[in-house]
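Just so it is clear, the model here is predicted, and its values are computed rather than measured.
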Amino acid sequence: MSARSATTTGVRRPVQIAAAVVAVVFLLVGILGFIPGITSHYGELSFAGHHSGAMLLGVFAVSVLHNIVHLLYGVVGLVLSRSPGPARAYLVLGGFVYLLLWIYGLAIDQDSGANFVPLNNADNWLHLALGVGMIALGWALTAVERARENRTA
């Protein structure tokens, strides 16, 4: 089945489903970052920077900017999940962005102005897991689909 026929028949490929699920998780995280109680120290939520004392689930440093980025990442993922190629690109390229963010988080002083997102140790390790996981999903699900197509061809 070609990518075109999968899209036009409404059949969603595994890579599209994975991209949509990841996107929905980002949307939920972005929303939850604005909910007092789920985000502890909500009164300390600032627009950006390391001075934001708000903590999603009491663990992950968040700010208004951080939450907005999650929401935008989710919207972009939902749009790109509509076709297999863009869905794969969302997962793989998005994963690389998270790996870069992980490296950035490790390299900066968390108490400096360079920590504009804000990031803490929990964020850093989550970004590593997200980066590796998103890349693995994008590559593996595409490889499985290609192998399936080669067997039927």
Side-chain angles (χ1 to χ4, degrees), residues 1 3 6-7 9-108 110 114-148:
M1 181 183 295
T7 303
T9 62
V11 175
R12 293 179 63 90
R13 293 179 175 211
V15 72
Q16 291 174 265
I17 294 167
V21 168
V22 169
V24 167
V25 170
F26 279 115
L27 285 171
L28 288 173
V29 167
I31 292 167
L32 293 175
F34 288 114
I35 299 177
I38 294 173
T39 298
S40 61
H41 309 288
Y42 189 79
E44 298 175 34
L45 183 70
S46 65
F47 180 76
H50 67 283
H51 297 295
S52 184
M55 302 288 279
L56 179 62
L57 303 174
V59 177
F60 304 102
V62 292
S63 66
V64 172
L65 177 63
H66 202 152
N67 294 335
I68 290 171
V69 168
H70 286 139
L71 290 169
L72 291 173
Y73 221 68
V75 169
V76 167
L78 285 178
V79 169
L80 295 177
S81 72
R82 294 169 38 184
S83 297
R88 179 181 186 272
Y90 170 72
L91 291 171
V92 173
L93 296 177
F96 278 115
V97 168
Y98 270 95
L99 290 179
L100 290 174
L101 191 56
W102 169 64
I103 292 167
Y104 179 76
L106 293 177
I108 62 166
Q110 291 180 357
N115 191 9
F116 65 94
V117 175
L119 302 169
N120 64 13
N121 287 334
D123 288 303
N124 290 337
W125 296 110
L126 178 61
H127 293 155
L128 172 63
L130 282 169
V132 170
M134 288 174 71
I135 292 167
L137 277 173
W139 282 343
L141 293 175
T142 302
V144 167
E145 187 69 25
R146 286 183 183 148
R148 210 176 272 151

Using distance only, find each side-chain donor-acceptor pair of residues 90-98 under 3.5 Å and give its atom names and separation, not counting sequence neighbours.
unit_1: Y90; atom_1: OH; unit_2: Y73; atom_2: O; d: 3.1

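- Closest approach of L99 and I135 over heavy atoms only: CD1-CD1, 3.6 Å.
- Listed by first and then second residue, the side-chain hydrogen bond (donor to acceptor under 3.5 Å, both in side chains) pairs that reach into residues 114-128 are Q110-N121, sequence neighbours excluded.
- For Q16 (side chain) and S81 (main-chain N/O), a donor-acceptor pair under 3.5 Å exists by modelled atom type.
- In this structure, T39 OG1 and I31 CD1 are separated by 11.5 Å, a value rounded to the nearest 0.5 Å.
- Applying the side-chain hydrogen bond (donor to acceptor under 3.5 Å, both in side chains) definition to pairs two or more places apart or across chains, none involves residues 50-72.
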Apply side-chain contact (heavy atoms from CB on, under 4.5 Å) to residues V15 and L137 and explain how you reach the verdict. CA-CA 7 Å; V15 72; L137 277 173; over 6 Å; no

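- For the pair L32/V62, no side-chain contact is recorded, criterion being any heavy-atom separation below 4.5 Å from C-beta on.
- Side-chain atoms of Y42 come within 3.5 Å of backbone N or O of F34 as a donor-acceptor pair.
- In this structure, the side chains of L126 and V59 stay at 4.5 Å or more apart for every pair of heavy atoms.
- Closest approach of L119 to A61, counting heavy atoms only: C-CB, 4.4 Å.
- Side-chain contact between F26 and L130 is present, with at least one heavy-atom pair separated by less than 4.5 Å.
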